[in-house]
Structures are given as C-alpha cells and as structure tokens.
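Lettering follows sequence order; numbering is per chain, from 1. Only heavy atoms go into these numbers, but all of them, side chains included; no hydrogens, no water, no symmetry mates.
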2 protein chains.
Amino acid sequence: MSTNCTLTDDGSPTCYCPLSGVIEVLGRKYTMQIMCVIGAHEPVRFGVVEDHLPTASTSTLSARLEELADHGLVTREQYDEIPPRVEYALTDRGRELCGHLEPLLEWAEERTNRSEV
Amino acid sequence: MSTNCTLTDDGSPTCYCPLSGVIEVLGRKYTMQIMCVIGAHEPVRFGVVEDHLPTASTSTLSARLEELADHGLVTREQYDEIPPRVEYALTDRGRELCGHLEPLLEWAEERTNRSEV
DNA sequence: CCGTATCCCAAATGATACTG
DNA sequence: CAGTATCATTTGGGATACGG
C-alpha cells in the first residue's frame, strides 16, 4: 500500500519503491509526450496527436490513449458526425500530472539538444 | 534536432515530439525510482538501491545504473576495499532531474494509493 | 476520420550462476 | 559486496488491414 520505505536517514525526501499505477503507464513509450501534447492543444483530435508523434504507430497511440483514459487522466469525447470526430482532453488529474511532466520534458529536451542525438 | 513542433496555436507550452536521450532512459522500468532513491540516500551502495526496489532483478538494476552513469546523471565511486564497496550519487544534472522527478513520483504515489492496485 | 484487431518482431526484464 | 554473463521469457511496439 505505502512505500514501505523508512530508510530516509538524513531527513531528505522519501523514496518511491513500488512500481504501480500511474507510473507504470508513464513509463510506456510516448505516454509522457502524449500527455503534454494533449495538454498543449486540448481539445485535440486523434490525428493531431498522431501528427505530433510521427514515429508512434496507430495501434500504440490508441493503446496509450486508452490507458490514459482508464487511469482517468484524459477524457475522450466522441461526436457522431460525418466525418467522425473524437477529441481528447485532460481531466483535472491529468492536468495536475501534466504540470509535473512539462518541466520534466522541457528539461530533458534541453539536455538532449546539447550533444546527444 | 529540435521539436519540429510549431503547432502551439493557443500560446500554451510547446510539445515534445522527439523521443530521444534522457526520456528514453526514464521510460525504462525503475529508472525514475532509482533516481529518487539515490537522490534521497546518496551516497548509496548498490545493495541499498536493491533493497529499495525489491522487485527489480540484479541485472536490471545494474543496467539502469550504467545507463544513468552513461547519461551523466549519476556517478559511480568504487572503493577497493575488502569487502568491495561502490557508491552511487547524483551529478548536478542528476539532481536537476531528480528535482522534477520527486514531485512527479509523489503525485503518482498519492494517486495510486487511492483506489488502484 | 477514428480507430480496433491481428500478427510478428525486437527489446526489455527476470532468474540464476559465477567472478573480482 | 557488487556486479557481469547468459539464457529464457514476457512485454511492448510496429505494420497492416479492416470496421464503425
């Protein structure tokens, strides 16, 4: 249930031993990016997300989106029009998460652009 | 090189299309946790990290640690004593990263403890 | 247009044993 | 103690084609 981590001997932050719930999803490929893409462009259609993650396949994107919806991080609004339209947006919790993710990705991006590929 | 993302039409944050560098490593299992464990206990020995991530195998942990070192996020200090001792700590960049990771994991932990497994 | 269903392959993780 | 090497396995992810 909890972290079962009582070793923080120097008063610094606790650690986060268990690997469950949201973290597992976040670890999957493209998940963090998807969250941020939605956060930056919501409401956003499937195709747009796809455009932003050109290297991700349809099925992967679909899977990620579903997982995120299952975890209550994004909403999926379907409009029965012709042509069909579906819009994804963040839930309140998703927005919370995104607030943490954005600075992280920004940081990672900076660091990547220095010397690595 | 860059994000190639110029679609931020509403003035909100940019998005982070490419999946490279640090993010790739962060996506691997246990990476975020390892960073935070080191951050909370540095300098920390291999066995201690292992104790904090009971479900991770030796080889996985070893691989992660090496990747993190390769990316300049952690340092590895080896003392040629008997018994051998190795200590891991964060680099400046690692600490930066950890600063982003901690709130994220904290948030994730809270959320996980609510209803999910 | 927005996906889901399938199949296949590659990568990643786990388990274990053995060495400096 | 701190790993590395190896092997087996699982899982994730890519491609594709078809359905609503």
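- Atom P of nucleotide C/dT16 and atom CG of B/Leu61 are separated by 16 Å, given to the nearest angstrom.
- No hydrogens or angles considered: a donor-acceptor pair under 3.5 Å links the side chains of A/Ser57 and A/Thr60.
- Side-chain proximity of B/Tyr30 to the nucleotides C/dG20, D/dG13, C/dG14 is greatest for C/dG14.
- When rounded to the nearest whole Å, the span between CD of A/Glu67 and C1' of D/dG12 equals 10 Å.
- Proximity note for A/Lys29 (side chain, C-beta onward) versus D/dC1, C/dG14, D/dG13: the nearest is D/dG13.
- Formation of a donor-acceptor pair under 3.5 Å by the A/Thr75 side chain with backbone atoms of A/Leu90 is not found in this model.
- Set against C/dT13, D/dA2, D/dG14, the side chain of B/Arg45 has D/dA2 as its closest nucleotide.
- Atom pair A/Gln78:CD and C/dG3:P shows a separation of 7 Å (rounding to whole Å applied).
- Side-chain atoms of B/Ser59 lie closest to D/dA5 of the nucleotides C/dA5, C/dC1, D/dA5.
- Ranked by how close their nearest DNA chain D nucleotide is to the 5' end, B/Arg76 and A/Arg64 are led by B/Arg76.
- At least one side-chain nitrogen or oxygen of A/Thr60 sits closer than 4.0 Å to the OP1 or OP2 atom of D/dG14.
- In plain terms, the two heavy atoms of A/Cys36 and A/Cys98 that are nearest each other are CA-SG, 3.9 Å.
- Here C/dG20 presents its C1' atom at 10 Å from CG of B/Asp80, a figure rounded to the nearest Å.
- Put simply, CG on A/Leu65 is 17 Å from C1' on D/dG12, counting in whole angstrom units.
- One can place CD1 of B/Ile34 at 14 Å from C1' of D/dG3, the figure rounded to the nearest angstrom.
- Of the candidate nucleotides C/dC2, D/dG14, C/dT13, C/dT13 has the atom nearest to the side chain of B/Arg28.
- Between the side chain of A/Arg76 and the backbone N or O of A/Val86, no donor-acceptor pair lies under 3.5 Å.
- Both A/Glu66 and B/Ala56 lie close to DNA chain C; mapped to their nearest nucleotides by heavy-atom distance, the more 5′-ward contact belongs to A/Glu66.
- We find that OH of B/Tyr79 is positioned 15 Å from C1' of D/dA2, with the value rounded to whole Å.
- Electrostatic pairing of B/Glu102 and B/Arg95 does not count as a salt bridge here, judged by no charged N lying under 4.0 Å from a carboxylate O.
- At the heavy-atom level, A/Tyr88 lies under 4.0 Å from the strands shown only through sugar-phosphate atoms.
- One can place CD of B/Glu50 at 12 Å from P of C/dA15, the figure rounded to the nearest angstrom.
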